[in-house]
Amino acid sequence: MSTFAPFARPLYVMLKPVGARCNLACSYCYYLEKANLYRDNPRHVMSEEMLEKFIEQYINSQTMPQVLFTWHGGETMMRPLSFYKQAVELQQKYAKGRTIDNCIQTNGTLLTPEWCQFLHDNHWLVGVSIDGPQEFHDEYRKDKQRKPSWTKVMQGIKLLNEYQVEWNAMAVVNDYNADYPLEFYHFFKEIGCKYIQFAPIVERIHKHTDGRHLAAACDDDSYGLADFSVSPEQWGKFLCTIFDEWVRNDVGDTYVQIFDSTLANWMGEQPGVCTMAKTCGHAGVMEFNGDVYCCDHFVFPEYKLGNIRKKTLVEMMYSERQQQFGQAKYNSLPTQCKQCDFLFACNGECPKNRFAHTVSGEPGLNYLCRGYHQFFSHVVPYMDYMKHQLMNKQAPVNIMQAIRDGKIEV
């Protein structure tokens, strides 16, 4: 019997209102090929009836007074603004006193003044996918005509700022930009971005009969890496270099998700990102047609939980199958991980990246393990200091002065 208490955390399902449809064709995108799963429905558009069904079920399934909706793509803004205005009306209809929050992920190229006015007026948080300076961003993030997209993204960010829309950056770290960590980090500071999520891209190539070319986590571990994947060594150096800059100058001013999550794990608290949590499984994803999958990175037939027309979100997300999926994150760790001094800090990271082998040849090691180990080893004295500050009800920002005063032994 599982010891997991599913209702201890909010039920969370990311919504894909246009499925994998997108106006860009980024070389490393793991979601574009999901369109092949739905060839019988080429429009890939969520109906108004499906939208209402999801909103009603999603709100009524919550055990907490605050409900977070996350709109994701593909490119979310390929659905017209009227669709999201209707969503807000439906949220108000079914809220019954609950607080409703919304965040939407976009590539930023379709933002208009009308969109930004709506986002501002309704207090939506916007996540913008941007891979740093123009040279880095345009290496892989091009449109379907292979034209670069950076200029349009920056125009979108300018509009967000003009309309005072709260936004953060989701930046993919790949084989190209990983070699320029400080240029990468300084760019975000220069454009006034205070919240940054770094996402390492790791994919394997396996051409399937259904048209997919990226391997699933359950596929054989012999498939080769996609050439855009970041290496463990690059990832470790990238994190360490940016951390050194951040911890000396930007604590309390610039928020880097992986640094915040590392400190949370150091404190024994729940990290803000699922990849670094001990278990997963509480965050599913629903496609435009109502199909629900275990996780956004596991949208493969093997991980489909069902459809909202036939099963409720509660039935699927609190099912034994989903609980087992979440528990497997810890249970499937190889011995090397369970004996590692930094298990508490990374918890094996995302299961989708566990296709490497340990020193003893045991499968299931995270491909990025060496990079993470380098990073955690590097930040020990700094994390220890900030943890001590917090435990004594002091501000972690004090670490910057402590470094200047030579009070931290490295």
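The basis for the numbers below is simple: all heavy atoms, side chains too, and nothing from hydrogens, waters or symmetry mates. From a predicted model like this one, the values you see are computed outputs, not experimental measurements.
In this structure, Lys338 is positioned above the aromatic face of Tyr330, its NZ or CZ under 6.0 Å from the six-membered ring centre and within 45° of the axis. For the pair Lys34 and Phe300, the distance from NZ or CZ to the six-membered ring centre is under 6.0 Å and the angle to the ring normal is within 45 degrees.
The aromatic ring centroids of Tyr255 and Tyr195 lie less than 6.0 Å from each other. Separation of the Phe375 and Phe238 ring centroids does not fall under the 6.0 Å cut-off. For Tyr140 and Tyr176, the gap between ring centers reaches or exceeds 6.0 Å.
No more than 12 heavy atoms of other residues, nucleotides or ligands lie within 6.0 Å of NE2 in His388, so this atom counts as exposed by the packing criterion. Around NZ of Lys304, the count of heavy atoms belonging to other residues, nucleotides or ligands within 6.0 Å exceeds 12. Atom CD of Glu49 has more than 12 heavy atoms from other residues, nucleotides or ligands within 6.0 Å.
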(message) As a quick check of understanding, evaluate salt bridge (Lys or Arg N to Asp or Glu O under 4.0 Å) for Glu233 and Arg370, giving each step before the final call.
(response) CA-CA 7 Å; Glu233 293 76 18; Arg370 291 194 305 279; 2.6 Å; yes
(request) List the steps and the verdict of salt bridge (Lys or Arg N to Asp or Glu O under 4.0 Å) for Arg204 and Asp219. (result) CA-CA 10 Å; Arg204 295 175 297 149; Asp219 284 334; 5.6 Å; no
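Between the side chains of Thr106 and Glu75, at least one donor N or O lies within less than 3.5 Å of an accepting N or O. With no hydrogens or angles considered, no side-chain donor-acceptor pair links Trp150 and Asp131 at under 3.5 Å.
With respect to Asp244 and Arg248, a salt bridge is recorded, a charged nitrogen being found less than 4.0 Å from a carboxylate O. Salt-bridge formation is detected for the pair Lys16/Asp296: a Lys NZ or Arg NE/NH1/NH2 atom is positioned less than 4.0 Å from an Asp or Glu carboxylate oxygen. Lys310 and Glu315 are not joined by a salt bridge, as no carboxylate oxygen comes within less than 4.0 angstrom of a charged side-chain nitrogen.
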